[in-house]
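Below: one structure, written as structure tokens.
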Amino acid sequence: MISVFVAFIFGGQRVIAEFGVGLSTAVLLDAFVLRTFLVPSLMHLFGKANWWLPRPIDRRLPHLTVEPTEDAE
């Protein structure tokens with residue numbers, strides 16, 4: 001997506017070039033800074049608090065398991 005938005009810069013129209021710069025910068029910041037550095041580091045800092053769910057919501061959601069429980073064996 002970054003390369004597509006950078007291609008807008010070379011289109012020859014100033015307004016579209018400004019959109020290309022803005023959108024390519026936004027995608028770059030989102031993809032590389034937020035998703036590769038900020039989110040994983042915050043999840044590491046929060047630890048088990050990442051997966052905390054309020055009790056009323058927990059009661060309404062179904063409890064699904066991917067692997068069978070030890071009782072089922």
Side-chain angles (χ1 to χ4, degrees):
M1 291 203 46
I2 294 172
S3 61
V4 171
F5 293 141
V6 168
F8 289 170
I9 297 171
F10 303 113
Q13 293 183 350
R14 183 179 174 115
V15 174
I16 294 177
E18 289 175 1
F19 276 107
V21 169
L23 290 171
S24 62
T25 305
V27 169
L28 180 76
L29 285 173
D30 178 53
F32 292 110
V33 175
L34 289 176
R35 296 183 190 220
T36 59
F37 296 116
L38 189 63
V39 172
S41 63
L42 288 175
M43 287 183 74
H44 180 73
L45 286 174
F46 290 150
K48 291 192 104 175
N50 284 315
W51 312 111
W52 176 77
L53 188 63
R55 235 174 267 241
I57 296 173
D58 188 34
R59 280 183 282 195
R60 300 199 86 187
L61 292 174
H63 294 281
L64 304 172
T65 59
V66 177
E67 299 176 359
T69 60
E70 293 179 12
D71 298 336
E73 292 177 0

- Query: How many angstroms lie between CZ in Phe32 and CZ in Phe37, if you round to the nearest 0.5 Å?
  - Reply: 9.0 Å
- Item | Closest non-hydrogen atom pair between Met43 and Asn50, with its separation | O-ND2, 2.7 Å
- Kindly work out whether a path of hydrophobic side-chain contacts (I/L/V/M/F/W/Y, heavy atoms less than 4.5 Å apart) joins Ile16 to Val27. yes
- Task: Would you kindly confirm whether Leu23 and Phe10 end up in one hydrophobic cluster when ILVMFWY residues are joined by side chain heavy atoms under 4.5 Å apart?
- Result: yes
- Does Met1 belong to the same Ile/Leu/Val/Met/Phe/Trp/Tyr cluster as Phe19, with side-chain heavy atoms less than 4.5 Å apart forming each link? no
- Query: Among the clusters formed by ILVMFWY side chains lying less than 4.5 Å apart, do Leu29 and Phe8 turn up in the same one?
  - Reply: no
- Task: Considering non-hydrogen atoms only, spot the tightest contact between Val6 and Ser24 and give its length.
- Result: CG2-CB, 4.0 Å
- Note on the structure: Interatomic distance, CG@Leu28 vs CG@Leu34, rounded to 0.5 Å, equals 10.5 Å
- Query: Is there a donor-acceptor pair closer than 3.5 Å between any side-chain N or O of Asp58 and the backbone N or O of Leu53?
  - Reply: no
- From Asp30 atom CG to Thr36 atom OG1, the distance as rounded to the nearest 0.5 Å: 10.0 Å
- Look at the side-chain heavy atoms of Ile, Leu, Val, Met, Phe, Trp and Tyr, link any pair under 4.5 Å apart, and say whether Val39 and Trp51 land in one connected group. yes
